[in-house]
Amino acid sequence: MKNELFSAIVVSKNADTQEVQSELKRIFFDDLSEGDVIVKIAYSSLNYKDVLAFQSNAGVIRRYPMIPGVDFCGVVVETSNQQFKVGDKVLCTGYDVGVSHTGGLAEYARVPAKWLIKLEQDTLLEYVMSLGTAGLTAALSVNEIILAGAKKDSEILVTGITGGVGSIVVAILKKLKIENISVLVRNKEQRDSYSNNFEHIYVQKELETKKAMTHQKFDYVIDCVGGVVLENLLPWISYRGVVTTCGNIAGNHLNISILPFILRGIRLIGIDSVNITLEEKKNMWQQLLTDWNIAGTFSVGKLSLNEVEYAVKNWGKVRNKGRIIISMSDNKNVEN
């Protein structure tokens, strides 16, 4: 197997200009990072973090050259670890994958066994990767508000519903038969496009306020964008309400008052899906594949490995298709 060539997206940095470049090329197994399990990848996906990996000075890639892709699923083809055998279906998300350890935008990956989740043999891999890192992050967010006491009649607001995490959060909440789901959109055009899907839709400007606290409107907020959007939501949170946050597309910084925290006792909970324990990941995936199974309830676009670079360059347009998965079986081999 080591002498075989296979296709992968490789990003590199020009030593002189510090510009990041990407290329779909043929590589050897020796070009992969170390690990005791080799997986033939069926699907990877494109997340916002993956898109950043193609940009200069984004701070995602820690060493070059690198195969990006923070998640993948597929079938074990070689292993020296007794926990796995050839033919096992497996899933990998997070850790250093696609950051400092060669990742999922390739036909094969080699990783430590301790990063892998073994899947049941009848698991549909396309569904697994339609969730991917976004689905895990969404499940962790929903789980936090449930642990905090969210009920079917609680007032819940979700931001970033055009993205992967936000759309999956909404799908899970509907699966749980949550009655009062509100969503936040950027503008009136987006509100019009979602008017048939949600009863309560807020445009960002409608919730902008200079007050430290205003009317108690939401019991729970699942925020997927961060920045000024999150700033504007905290004054609206009800007494002992909870806000989870998992994204930063609207910015990394918060300029907020402490008053909602000390006068209303609200909580702000950060969601990390990268470095949580494997056991936590297994528990969430068990939920997503059983009681929280939302197959067919959110939009998924499928691309080949050949189309990744186009998708990255046109991310604003491509992401409107919903979750983007990369099918390796659809890939046409490139020349050596």
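In this text, all values refer to a predicted model and were calculated from it rather than measured experimentally. Starting from 1, each residue takes its place in the sequence as its number.
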D50 side chain to P68 backbone, donor-acceptor under 3.5 Å | no
So do the side chains of V11 and P65 get within less than 4.5 Å of each other, counting heavy atoms only?
-> no
V142 with V183, same ILVMFWY side-chain cluster at under 4.5 Å = yes
Take I161 and N197, measure what side chain to side chain contact (heavy atoms under 4.5 Å, CB included) needs, and give me the verdict at the end.
-> CA-CA 11 Å; I161 61 167; N197 302 94; over 6 Å; no
Is the number of heavy atoms from other residues, nucleotides or ligands within 6.0 Å of NZ (K174) greater than 12?
-> yes
Closest heavy-atom pair, S33 versus R110, reported as atoms and distance to 0.1 Å, is O-NE, 3.0 Å
For I237, does its backbone N or O pair with a side-chain atom of R264 as donor and acceptor, under 3.5 Å?
-> yes
Let me see the working for V308 and L24 under side chain to side chain contact (heavy atoms under 4.5 Å, CB included), right down to the final yes or no.
-> CA-CA 9 Å; V308 167; L24 176 58; over 6 Å; no
Got a donor-acceptor contact below 3.5 angstrom from the N81 side chain to the D36 backbone?
-> no
Carefully, step by step, assess R323 and S299 under the rule side chain to side chain donor-acceptor pair (under 3.5 Å).
-> CA-CA 6 Å; R323 280 285 290 155; S299 298; over 6 Å; no
Quick one: closest heavy-atom pair of G160 and C224, and the distance?
-> CA-CB, 4.4 Å
Please lay out, stage by stage, how E144 and R267 fare under the test salt bridge (charged side-chain N to carboxylate O under 4.0 Å, His left out).
-> CA-CA 11 Å; E144 283 291 350; R267 285 181 286 161; over 6 Å; no
Show your reasoning for whether side chain to side chain contact (heavy atoms under 4.5 Å, CB included) applies to S7 and K25.
-> CA-CA 6 Å; S7 297; K25 61 189 296 186; over 6 Å; no
Quick one: are I271 and V165 in side-chain contact, heavy atoms under 4.5 Å?
-> no
Taking all non-hydrogen atoms of both residues into account, name the closest pair between L52 and V60 and its distance.
-> CB-CG2, 3.6 Å
If you round to the nearest 0.5 Å, how far is CD of Q21 from NZ of K13?
-> 11.5 Å
4.5 Å side-chain heavy-atom contact, L230 and V221 | no
With the 4.5 Å side-chain cut-off for hydrophobic clustering, are L176 and V170 part of the same group?
-> yes
Under 3.5 Å donor-acceptor, N143 side chain and L140 backbone = no
One should read off an interatomic distance between T79 OG1 and D88 CG, to the nearest 0.5 angstrom, of 8.5 Å
Locate the shortest heavy-atom distance separating F28 from F6; write the atom from each residue and the value.
-> C-CE2, 3.7 Å
Would V39 and V128 show up in the same hydrophobic cluster when neighbours are defined by side-chain heavy atoms closer than 4.5 Å?
-> yes
Short side-chain to backbone donor-acceptor contact, D96 and V99, under 3.5 Å = no
Listed once per pair and sorted, the ring pair (Phe, Tyr, Trp, His ring centres under 6.0 Å) pairs that draw on residues 249-295, sequence neighbours left out | none
Non-hydrogen side-chain atoms of V243 and L233 separated by less than 4.5 Å | no
Rounded distance (nearest 0.5 Å) linking atom OG of S141 with atom CD1 of I146 | 11.0 Å
Do side-chain atoms of D272 reach the backbone of N275 as a donor and acceptor pair under 3.5 angstrom?
-> yes
Would you check if the side chain of E19 reaches a backbone N or O of N14 as a donor-acceptor pair within less than 3.5 Å?
-> no
Could you state the interatomic distance from NZ (K302) to CD1 (I326), rounded to the nearest 0.5 Å?
-> 11.0 Å
How far apart are the closest heavy atoms of C92 and L116, and which atoms are they?
-> CB-CD2, 3.7 Å
Applying ring pair (Phe, Tyr, Trp, His ring centres under 6.0 Å), which residue pairs with at least one partner in residues 209-241 are found, sequence neighbours left out?
-> Y202-F218
When rounded to the nearest 0.5 angstrom, what is the spacing between CD in E206 and CZ in R191?
-> 4.5 Å
State, with a plain yes or no, whether a side-chain heavy atom of V229 is found less than 4.5 Å away from one of Q204.
-> yes
Is the number of heavy atoms from other residues, nucleotides or ligands under 6.0 Å of Q82 CD greater than 12?
-> no
E231 and N255: CA distance, side-chain angles, deciding distance, side chain to side chain contact (heavy atoms under 4.5 Å, CB included) verdict = CA-CA 7 Å; E231 286 179 17; N255 180 21; 3.7 Å; yes
Of all residues at least two apart in sequence or in a different chain, which pass the side chain to side chain donor-acceptor pair (under 3.5 Å) check with S130?
-> none
Candidate pair S304 and E307, rule side chain to side chain donor-acceptor pair (under 3.5 Å), full reasoning = CA-CA 5 Å; S304 69; E307 298 172 294; 3.3 Å; yes
Among L125, L105, V97, find the one that has a side-chain contact (heavy atoms from CB on, under 4.5 Å) with F72.
-> V97
CD of E279 to OG1 of T277: how many Å apart, nearest 0.5 Å?
-> 6.5 Å
Mark yes or no for whether N47, through its side chain, and K49, through its backbone, hold a donor-acceptor pair below 3.5 Å.
-> no
Can you name the residues that form a side chain to side chain donor-acceptor pair (under 3.5 Å) with Q55, not counting sequence neighbours?
-> none
Flag, side chain of T214 to backbone of K211, donor-acceptor distance under 3.5 Å | no
Do the non-hydrogen side-chain atoms of D31 and T102 ever get within less than 4.5 Å of each other?
-> no
Does I262 CD1 have over 12 foreign heavy atoms under 6.0 Å away?
-> yes
Would you mind reporting whether K89 and E120 have side-chain heavy atoms less than 4.5 Å apart?
-> no
When L131, L136, T137 are each screened for side-chain contact (heavy atoms from CB on, under 4.5 Å) with T133, the one that passes is T137
Could you tell me whether a side-chain N or O of S44 sits under 3.5 Å from a main-chain N or O of D71, the two making a donor and an acceptor?
-> yes
Closest non-hydrogen atom pair between V203 and R186, with its separation = CG1-O, 3.6 Å
Pair listing, side-chain hydrogen bond (donor to acceptor under 3.5 Å, both in side chains) test, anchored in residues 147-173, at least two apart = T159-D223
Would you indicate whether the side-chain heavy atoms of L288 and I172 approach each other to under 4.5 Å?
-> yes
Going hydrophobic residue to hydrophobic residue with side-chain gaps under 4.5 angstrom, can you get from F298 over to M129?
-> yes
Single-linkage hydrophobic cluster V274~I117, side-chain heavy atoms < 4.5 angstrom = no
side-chain contact (heavy atoms from CB on, under 4.5 Å) partners for Y95, two or more places apart = W115, L278, K281
